[in-house]
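To start, the structure itself, in structure tokens.
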Amino acid sequence: LEVLPGDPFASPQGWSDMAKDGDPWATAVIGALNDIKPPSFAGLGKPGTFQFRLTICPNGTIQQVQAKSSTGDKGYDAGIKNEIERVKIPKPPPQVASQLKGTCKRIPYVFSYGSNHRVR
């Protein structure tokens, strides 16, 4: 089975290809994630990166946020994760939604939320 570039569910690079190429859905998902506002009390002024994977559903909800690495502050990590879980991402376009087949699916790409308060 050949893995095509731009397939967010086939490989960790699939998401990167979509975002790099300016795919409107990938860009909108990153935009929605960048709107999170974690509580400032937990980890205020501390550098660090919280890495995570997402499981998304056909309707645009996030079913699961899987932590992959910590900022080093459990309270701040929990605040970031809680905010990500609340994000409503745009509904996937037909070519992406068709791969979901009515179920939620994990994107293998590891997203990073850094001390600059941005997701990449």
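All heavy atoms count here, side chains included; hydrogens, waters and symmetry mates do not. Not measured: the values here are computed from a predicted model.
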As an exercise, state the distance from [atom1] of [X] to [atom2] of [Y], rounded to the nearest 0.5 Å.
{"X": "Lys81", "Y": "Phe50", "atom1": "NZ", "atom2": "CZ", "value": "6.5 Å"}
{"X": "Ile56", "Y": "Gln64", "atom1": "CD1", "atom2": "CD", "value": "13.0 Å"}
{"X": "Asn34", "Y": "Arg118", "atom1": "CG", "atom2": "CZ", "value": "4.0 Å"}

Contacts table for residues 105-114: side-chain donor-acceptor under 3.5 angstrom, sequence neighbours left out:
{"unit_1": "Ser112", "atom_1": "OG", "unit_2": "Gln51", "atom_2": "NE2", "d": "3.2"}
{"unit_1": "Tyr113", "atom_1": "OH", "unit_2": "His117", "atom_2": "ND1", "d": "3.1"}

field: Contacts of Ser70 that satisfy side chain to side chain donor-acceptor pair (under 3.5 Å) - sequence neighbours left out
entry: Asp77
message: Using the side chain to side chain donor-acceptor pair (under 3.5 Å) criterion, which residues pair with Arg86? Sequence neighbours excluded.
response: Glu83
- prompt: Taking only residues two or more places apart in sequence or in another chain, which ones pass side-chain contact (heavy atoms from CB on, under 4.5 Å) with Asn59?
  reply: Cys57, Thr61, Lys88
Atom of Cys104, atom of Gln63 and distance for their closest heavy-atom approach: CB-OE1, 3.4 Å
query: Between Lys91 and Pro58, what is the shortest heavy-atom contact and its length?
result: CG-O, 3.3 Å
field: Side-chain heavy atoms of Val65 within contact of Leu54, under 4.5 Å
entry: yes
Any side-chain heavy-atom pair of Val87 and Ile36 under 4.5 Å: yes
Show which side-chain atoms of residues 22-31 pair as donor or acceptor with protein atoms under 3.5 Å away, not counting sequence neighbours.
{"unit_1": "Asp23", "atom_1": "OD2", "unit_2": "Trp25", "atom_2": "N", "d": "3.0"}
{"unit_1": "Asp23", "atom_1": "OD2", "unit_2": "Ala26", "atom_2": "N", "d": "2.9"}
{"unit_1": "Trp25", "atom_1": "NE1", "unit_2": "Pro90", "atom_2": "O", "d": "3.0"}
{"unit_1": "Thr27", "atom_1": "OG1", "unit_2": "Asp23", "atom_2": "O", "d": "2.8"}

